[in-house]
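Keep in mind the model is a prediction, meaning the values are calculated, not measured. The figures that follow rest on heavy atoms only: side chains count, while hydrogens, waters and symmetry mates do not.
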Amino acid sequence: MDFDLTKAQKLLQQSARDFFARECKPERVRELMASETAFDDKLWREMADQGFTGLTIPEEYGGLGLSLVDLIAVAEEMGRACLPGPFISTLWAASLIERAGNEGQRKQYLEPIAAGEMKATVALLEETGEWNPDAVMLAANKDGKEYRLRGTKHYVNDAAVADVIIVVARENTDLVLLPVERAAAGVNITETPAIDATRKLYTVEFDNVAVPEPSALAFTTKTKEAVEDATDVATVALCAEMLGGMVWTLDATVEYAKTRLQFGKPIGIYQAVQHQCADMFNFTESARSATYFAAWAVAENDPAAKLAVSVAKGFCSDAAREVGNRGVQIHGGIGFTWEHNIQLYYKRAKASEIMFGDANYHREKIAEKVVDESEG
């Protein structure tokens with residue numbers, strides 16, 4: 001594989017960087033954090049005009065049909081800008097629809113998602129907080145030609161702005177994927193307090209919610225495979241976002257070390273500060289290598305793709321936290337204040353650390369994969 005972006009990918013990334021530097025400045029991020037949903041419809045439609053909402057959606061459904069590597073080049077710039085809103089959630093749902101939906105369902109959902117006219121999310125987690133689809137217990141009971149949803153989903157990203165929620169539920173022993181409109185009768189959405197105000201979390205309760213049987217995207221073993229594959233795509237995009245946040249934190253910290261004077265000298269001349277910055281650089285570049293390899297592996301359907309995704313997310317979960325720790329430490333007292341933007345990135349890193357599974361979760365997956373391969 002080529003370990004560098006192509007010329008076209010570099011141009012795409014630079015275009016994204018310029019767009020977010022212009023349209024998603026820190027003061028705008030703070031405004032959205034203080035809003036009820038951390039969502040700006042104008043910004044979302046401008047992103048759609050740039051093609052960002054349909055980057056990897058096939059051309060026949062209105063998207064650009066680009067690769068996952070193209071997408072993460074853009075996602076890195078989203079992370080650098082600390083972009084609020086439902087991009088990762090919508091990507092996750094669109095990837096799931098593409099894998100599990102029939103032709104009519106793909107047209108129904110992917111076309112408006114690519115056009116920026118629809119936001120979506122996936123309701124997977126329940127009270128246990130387990131990311132494994134096998135842990136899903138929410139009941140989807142068959143009632144004639146309808147499914148009836150009764151139960152609760154937790155930690156659903158962006159549920160209050162998503163036009164459709166893809167609910168992962170269980171009919172007896174089978175998994176089903178049921179698209180539910182946010183405003184459907186019996187759906188109750190409550191915000192869950194969280195450390196990161198740029199991506200809101202919600203509890204979604206389903207009180208005898210009716211979903212027509214033909215609306216189901218998939219069922220039985222195909223559902224689990226589709227959920228896992230779509231989650232891999234969203235996980236790699238999240239790693240790229242985390243990488244962008246690390247890059248911003250590193251750049252801001254190095255600049256601060258150059259200009260912050262102590263006893264008449266910049267603090268960057270001291271070895272203790274230099275070593276911390278060097279550690280931050282090593283974490284960031286290692287995260288870059290792991291993330292871009294995982295994206296390439298998923299895009300190419302490489303046999304090692306799932307292992308690469310877990311390596312990337314496991315490493316990025318630790319790296320983003322450590323880069324944030326060191327950045328705040330070098331900034332000193334001001335790094336703990338609301339006024340400094342570094343706290344926005346640190347909170348985002350802490351929230352992203354556990355999204356799609358923390359480092360321990362992915363280390364367990366790596367261990368299981370290695371053991372299976374050695375026994376095979």
Side-chain angles (χ1 to χ4, degrees), residues 1-6 9 12-13 16 52-58 63-81 83 86-99 113 120-122 124 131-133 157 199 225-247 283-321 348-349 351-359 361-363 365-366 369:
M1 63 172 288
D2 189 346
F3 287 90
D4 196 8
L5 296 177
T6 65
Q9 289 167 338
L12 175 64
Q13 187 173 48
F52 297 155
T53 55
L55 279 170
T56 56
I57 291 176
L64 297 181
L66 300 181
S67 74
L68 183 55
V69 177
D70 298 310
L71 183 141
I72 67 166
V74 173
E76 182 180 339
E77 298 310 315
M78 293 178 178
R80 185 193 288 260
L83 173 72
F87 181 82
I88 295 292
S89 303
T90 301
L91 171 67
W92 188 18
S95 299
L96 187 51
I97 292 165
E98 184 180 346
R99 285 159 175 76
I113 286 174
T121 191
V122 179
L124 172 65
W131 288 96
N132 189 337
N157 284 91
R199 263 197 307 247
E225 180 181 336
V227 171
E228 290 177 341
D229 290 348
T231 303
D232 284 345
V233 171
T235 300
V236 174
L238 179 65
C239 288
E241 262 202 5
M242 296 168 79
L243 171 61
M246 288 183 242
V247 170
F283 278 123
T284 300
E285 289 306 302
S286 297
R288 181 183 305 281
S289 298
T291 298
Y292 275 82
F293 175 74
W296 173 86
V298 171
E300 297 297 320
N301 294 313
D302 190 272
K306 291 194 176 298
L307 180 60
V309 170
S310 284
V311 169
K313 184 54 168 68
F315 186 85
C316 286
S317 289
D318 285 341
R321 182 189 65 249
R348 170 70 77 92
S352 298
E353 180 182 351
I354 59 174
M355 189 175 178
F356 300 131
D358 63 7
Y361 171 81
H362 283 282
R363 288 189 188 105
K365 292 187 70 174
I366 292 168
K369 182 71 173 175

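- Every residue two or more places apart in sequence or in another chain was checked for a ring-ring contact (aromatic ring centres under 6.0 Å, His included) with Phe283, and none qualifies.
- When the side-chain contact (heavy atoms from CB on, under 4.5 Å) test is applied to Ser310, the partners found at least two apart in sequence or on another chain are His362, Lys365, Ile366.
- Of the inter-residue distances, the one linking Glu228 atom CD with Trp131 atom CH2 reads 13.5 Å to the nearest 0.5 angstrom.
- With sequence neighbours excluded, the residues that form a side-chain contact (heavy atoms from CB on, under 4.5 Å) with Glu98 are Pro58, Leu110.
- In this view, Arg199 and Glu241 satisfy the salt bridge (charged side-chain N to carboxylate O under 4.0 Å, His left out) rule, not counting sequence neighbours.
- Heavy atoms only, all atoms of each residue included: Val74 and Ala16 are closest at CG1-CB, 4.0 Å.
- Evaluation of the side-chain contact (heavy atoms from CB on, under 4.5 Å) rule for Asp358 yields Ile354, Asn360, Tyr361 as partners, not counting sequence neighbours.
- Across every non-hydrogen atom of Met242 and Cys316, the tightest pair is CE-O, 3.3 Å.
- For Thr56 (side chain) and Leu66 (main-chain N/O), no donor-acceptor pair under 3.5 Å exists by modelled atom type.
- Using a 4.5 Å heavy-atom cutoff, the side chains of Leu91 and Leu55 are not in contact.
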Verdict with reasoning, Val309 to Phe356, per side-chain contact (heavy atoms from CB on, under 4.5 Å)
CA-CA 11 Å; Val309 170; Phe356 300 131; over 6 Å; no
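- When every heavy atom of Pro133 is checked against every heavy atom of Val227, the shortest pair comes out as CG-CG1, 3.8 Å.
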Before giving the answer on side-chain contact (heavy atoms from CB on, under 4.5 Å), spell out for Val233 and Leu71 the whole-Å C-alpha distance, their side-chain angles and the decisive distance to 0.1 Å.
CA-CA 10 Å; Val233 171; Leu71 183 141; 5.9 Å; no
Please tabulate, for the side chains in residues 298-306, all donor-acceptor contacts under 3.5 angstrom to protein atoms that are two or more places apart in sequence or on a different chain.
| residue | atom | partner | partner atom | Å |
| --- | --- | --- | --- | --- |
| Asp302 | OD1 | Ala304 | N | 2.8 |
| Lys306 | NZ | Asp229 | OD1 | 2.9 |
| Lys306 | NZ | Asp232 | OD2 | 2.6 |

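- Rounded to the nearest 0.5 angstrom, Tyr292 OH and Leu243 CG are separated by 6.5 Å.
- Ala308 pairs by the side-chain contact (heavy atoms from CB on, under 4.5 Å) definition with Phe293, Ala294, Ala297, not counting sequence neighbours.
- Side chain of Lys313 to backbone of Thr235: no donor-acceptor contact under 3.5 angstrom is found.
- Side chain of Thr121 to backbone of Asn157: a donor-acceptor contact under 3.5 angstrom is found.
- Remark: Arg321 engages Asp318, Glu353 in a salt bridge (charged side-chain N to carboxylate O under 4.0 Å, His left out) (not counting sequence neighbours).
- A distance of 12.0 Å separates SG of Cys239 from CD of Glu76, quoted to the nearest 0.5 Å.
- Of the inter-residue distances, the one linking Met355 atom CE with Ser89 atom OG reads 5.0 Å to the nearest 0.5 angstrom.
- Considering only residues two or more places apart in sequence or on other chains, Thr231 meets the side chain to side chain donor-acceptor pair (under 3.5 Å) condition with Trp92.
- In this structure Glu77 satisfies the salt bridge (charged side-chain N to carboxylate O under 4.0 Å, His left out) test together with Arg17, Arg80, sequence neighbours excluded.
- Evaluation of the side chain to side chain donor-acceptor pair (under 3.5 Å) rule for Thr53 yields no partner, not counting sequence neighbours.
- The shortest non-hydrogen separation linking Val247 to Thr284 is CG2-CG2, 3.9 Å.
- Considering CG of Leu64 and CZ of Phe52, their distance stands at 9.5 Å, rounded to 0.5 Å.
- Contacts of Ser95 classified as side chain to side chain donor-acceptor pair (under 3.5 Å), with partners at least two apart in sequence or in another chain: none.
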Ile88 and Met78: CA distance, side-chain angles, deciding distance, side-chain contact (heavy atoms from CB on, under 4.5 Å) verdict
CA-CA 10 Å; Ile88 295 292; Met78 293 178 178; over 6 Å; no
